[in-house]
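Down below is the structure, laid out as C-alpha cells.
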Protein chains: 2
Amino acid sequence: MNQAKPVTRIQRRNRETIREAALDVFSQHGFRGATLDQIAQAAGLSKPNLLYYFPSKEAIHGELLSHLMTDWLEPLRALDEAGDPVEEILAYALRKLDMAQELPRESRLFANEIVQGAPRIMDMITGELKELVDEKAKVIRAWSDAGRLASVDPHHLIFSIWATTQHYADFDIQVRGILQTGNTDHFDDARRFLTHLYRSALTPTR
Amino acid sequence: MNQAKPVTRIQRRNRETIREAALDVFSQHGFRGATLDQIAQAAGLSKPNLLYYFPSKEAIHGELLSHLMTDWLEPLRALDEAGDPVEEILAYALRKLDMAQELPRESRLFANEIVQGAPRIMDMITGELKELVDEKAKVIRAWSDAGRLASVDPHHLIFSIWATTQHYADFDIQVRGILQTGNTDHFDDARRFLTHLYRSALTPTR
DNA sequence: GTAGTCGTTGATCATCTGGTCAAATCCATG
DNA sequence: CATGGATTTGACCAGATGATCAACGACTAC
C-alpha cells in the first residue's frame, strides 16, 4: 500500500521549490484564486512537472496547511504555567507579532482559509487547536484566580492577541497604505503599543 | 452620454436581490472564488439576467465595495473631539464590534479584499481612509498630550481596534469552533473584555 | 557505455466560467 | 386588447483551468 518513494536529491529540491512558490501564490490569492500555471511559473517548472511531484492542486495546498499548523501553535504551547503571568502572556503576544513579521505568507494562507469558512481545516480547529486553547485558558484563569493577573476572559484575551498580531501580516497592505512607509519600522511601534496595551490590561490592580 | 435609466419597481427589486445574493457569495468566497452561477442561483435569477442588471462580475463587486465604504468609515468619523477621550474611543470600539456582529458579510468582503492585496480599493485606502485616520490620530494625540488619555501610538491604537473587533466577523468560524457555541452569546463576553482592555490601557495613570 | 529508472514536457482533454445574443415573454399604457 | 418597450432565458462562445498521457531526455548503477 505505502510504496517506498525514492526521495532523491532532485525530489527534495523540487518539492521544496514548489512548496515555496505555492506559498507565495496561495497566500496572495487564496485557494480558488490561485492557479497551477501561476505556481508553476513561480517555481520555474512546467505545469505537468508540478503534477509529477504533487497529485493535485488540493494536495499542494493541503501540505502547506498541515506543515503550517505545527509552527503556528508552537508559541501558545510555549506559554509556561511556571512563569510570571503578565510576562508570559506578553512574551506570547510579542512572539506572535514576530511571526506576523517573519512569516506573513503563512499568516495570510491561514487567514484566507478561515475567512472563507475553513472548509479544509475545520477538524483541526475544533480538535487540536480548541484543545490547546482550552488548556491554556485554564492556566490563565488560574493565574487570575490567584490574583497574579487581572481578571479577564481567557479565551477573548487569546483571540485579541491573535487579532492584534496577525493583523500586521493579514492587513499589511492597509497598514502600509495608512502609515505610508515602505520599510517595516512600524513593527517596532506595534511592539511598543501592544506591550503597553497588554501590560495595562493584565497587571493586577490590587 | 448618461442615458435616463427607467428604474422601475422591477429594476429596484432585482438589483437589490442581486446585491444581497452577491454579498453572500463574495464575502464567503472572495472575488475570484465567487462565480456568476453561484450569485445567480442565490438570487433566484438566470445568469444572463444578472448581466442584464449589471454589466459584469466586477461591476457587482465594485458596487458592493463602494456602498460598503460609507458605512464602514462612519463610526470613526463619529469620534468626537469634544467628548470624553476614554469614553469616545471605547464607544468607537464597541460600535465597531456591533458592526462585526450585525454586518459580518461586509466585514469579510472587506477582509477578503485586503488580505489579497486590495487590488480594487488601494486608492480608497491611501486616500479617503488614510486622510480620516490621520485626522483622528491627531485628535487622539492631542488628548494624550493634554493628559486626558494615556500616551499611546494613535495609529496602532486604531489598528488594534480594527483587529480585535473585525476578528469576530472575519474569523467567526474559528471563534465559534473554539468556543463551540451555536449562538452569539460570546459577543457579550467580547464586549466586556474589550471594554476592560481599552479602559485599562487608555485611562491616564497620573 | 548502456540499461533501466527517474524526470520533463508538448499536446491534448473535459470542464468551468464570464460574457453575448437572438428570440421569447411580460407588462404598462392607450 | 394591441403595441412597444422592459424583462427573461436557452443556446452558445472563447478563454482559462485542473488534469492526463505518450514520448522524450537525463541520470545512476552496473
Side-chain angles (χ1 to χ4, degrees), chain A residues 2-65 109 112-113 116 119-120, chain B residues 2-65 109 112-113 116 119-120:
Chain A
N2 204 346
Q3 295 286 352
K5 288 185 180 176
V7 191
T8 66
R9 244 168 319 174
I10 296 178
Q11 285 263 344
R12 229 186 304 275
R13 174 170 54 81
N14 280 354
R15 283 181 67 94
E16 184 49 37
T17 302
I18 292 170
R19 269 192 288 266
E20 190 63 18
L23 182 55
D24 270 348
V25 177
F26 279 132
S27 68
Q28 191 173 355
H29 302 289
F31 179 74
R32 295 200 51 184
T35 72
L36 288 181
D37 289 286
Q38 283 177 296
I39 298 172
Q41 188 174 359
L45 298 173
S46 69
K47 186 165 52 166
N49 208 172
L50 271 198
L51 294 164
Y52 173 76
Y53 290 102
F54 291 89
S56 69
K57 183 184 177 185
E58 277 224 26
I60 307 176
H61 191 253
E63 180 146 320
L64 287 180
L65 278 180
L109 182 74
N112 260 303
E113 193 63 13
Q116 303 192 358
R120 278 166 270 271
Chain B
N2 203 347
Q3 294 287 353
K5 290 186 180 177
V7 192
T8 65
R9 243 167 320 172
I10 295 178
Q11 285 263 345
R12 228 187 305 274
R13 174 171 53 80
N14 281 354
R15 284 182 66 94
E16 184 50 35
T17 302
I18 292 170
R19 268 192 289 265
E20 190 63 19
L23 182 54
D24 271 346
V25 177
F26 279 133
S27 67
Q28 192 173 355
H29 301 289
F31 179 73
R32 293 200 53 185
T35 71
L36 288 180
D37 289 287
Q38 283 177 295
I39 298 172
Q41 189 174 359
L45 297 174
S46 68
K47 186 167 53 167
N49 207 174
L50 272 197
L51 294 164
Y52 173 75
Y53 290 101
F54 290 89
S56 70
K57 184 185 178 184
E58 277 224 25
I60 306 177
H61 191 253
E63 179 145 321
L64 287 179
L65 277 180
L109 182 74
N112 261 302
E113 193 63 13
Q116 303 193 359
R120 278 166 270 273

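No hydrogens, no waters, no symmetry mates; every other heavy atom, side chains included, goes into these values.
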- [ ] Would you mind reading off the distance between A:Asn49 atom CG and D:dC24 atom P, rounded to a whole angstrom?
- [x] 18 Å
Open item on the list: Looking at the base of C:dG19, is there any donor atom on it, or on the side chain of B:Lys57, that sits under 3.5 Å from an acceptor on the other one?
Closed with: no
Task: Integer-rounded Å distance: D:dC12 C1' and B:Leu51 CG - done: 14 Å
- [ ] Could you state the atom-to-atom distance from NZ of B:Lys47 to P of D:dT9 in whole Å?
- [x] 14 Å
Task: Closest to side chain of B:Arg9, choosing from D:dT7, C:dA28, C:dG18 - done: C:dA28
Open item on the list: Rounded to whole Å, how long is the line connecting atom CZ of A:Arg13 with atom C1' of D:dC27?
Closed with: 12 Å
- [ ] Identify which nucleotide among C:dC6, C:dT8, D:dT28 has an atom closest to any side-chain atom of A:Tyr53, counting heavy atoms from C-beta outward.
- [x] C:dT8
Open item on the list: Using OP1 and OP2 only, check whether a side-chain N or O of A:Gln11 sits under 4.0 Å from C:dC6.
Closed with: no
TODO: Enumerate the residues from residues 27-42 of chain B whose closest heavy atom to DNA chain C is under 4.0 Å, giving them by residue number; use none for an empty result.
DONE: B:Ala34, B:Thr35, B:Leu36
TODO: Using a 4.0 Å heavy-atom cut-off across all strands, classify A:Phe54 as base, sugar-phosphate, or nothing.
DONE: nothing
Open item on the list: Could you tell me if B:Gln28 and B:Asn112 have a donor-acceptor pair between their side chains, going purely by distance under 3.5 Å?
Closed with: no
TODO: Starting at atom CZ of A:Arg15, determine the distance to atom C1' of C:dT8, rounded to an integer number of angstrom.
DONE: 17 Å
Open item on the list: What is the separation between atom CG on A:Leu50 and atom P on D:dT17, rounded to the nearest whole Å?
Closed with: 14 Å
Open item on the list: What is the separation between atom CZ on B:Phe26 and atom P on C:dT17, rounded to the nearest whole Å?
Closed with: 13 Å
Task: Atom-pair distance (CG on A:Leu45; C1' on D:dA26), nearest Å - done: 15 Å
TODO: Report the nucleotide, chosen from D:dT7, C:dT20, C:dG7, that has the shortest atom-to-atom distance to any side-chain atom of B:Tyr52.
DONE: D:dT7
Open item on the list: Rounded to the nearest 0.5 Å, what separates atom CG in B:Leu65 from atom CG in B:Leu109?
Closed with: 5.0 Å
TODO: Considering just the side-chain nitrogens and oxygens of A:Thr8, establish if one lies under 4.0 Å of OP1 or OP2 belonging to D:dT28.
DONE: no
- [ ] Starting from the C-alpha separation in whole Å, work towards a yes-or-no answer on side chain to side chain contact (heavy atoms under 4.5 Å, CB included) for A:Leu51 and A:Leu36.
- [x] CA-CA 9 Å; A:Leu51 294 164; A:Leu36 288 181; 4.1 Å; yes
TODO: Ignoring the backbone of A:Asn14, work out which of D:dG18, D:dT8, C:dT8 is nearest its side chain.
DONE: C:dT8
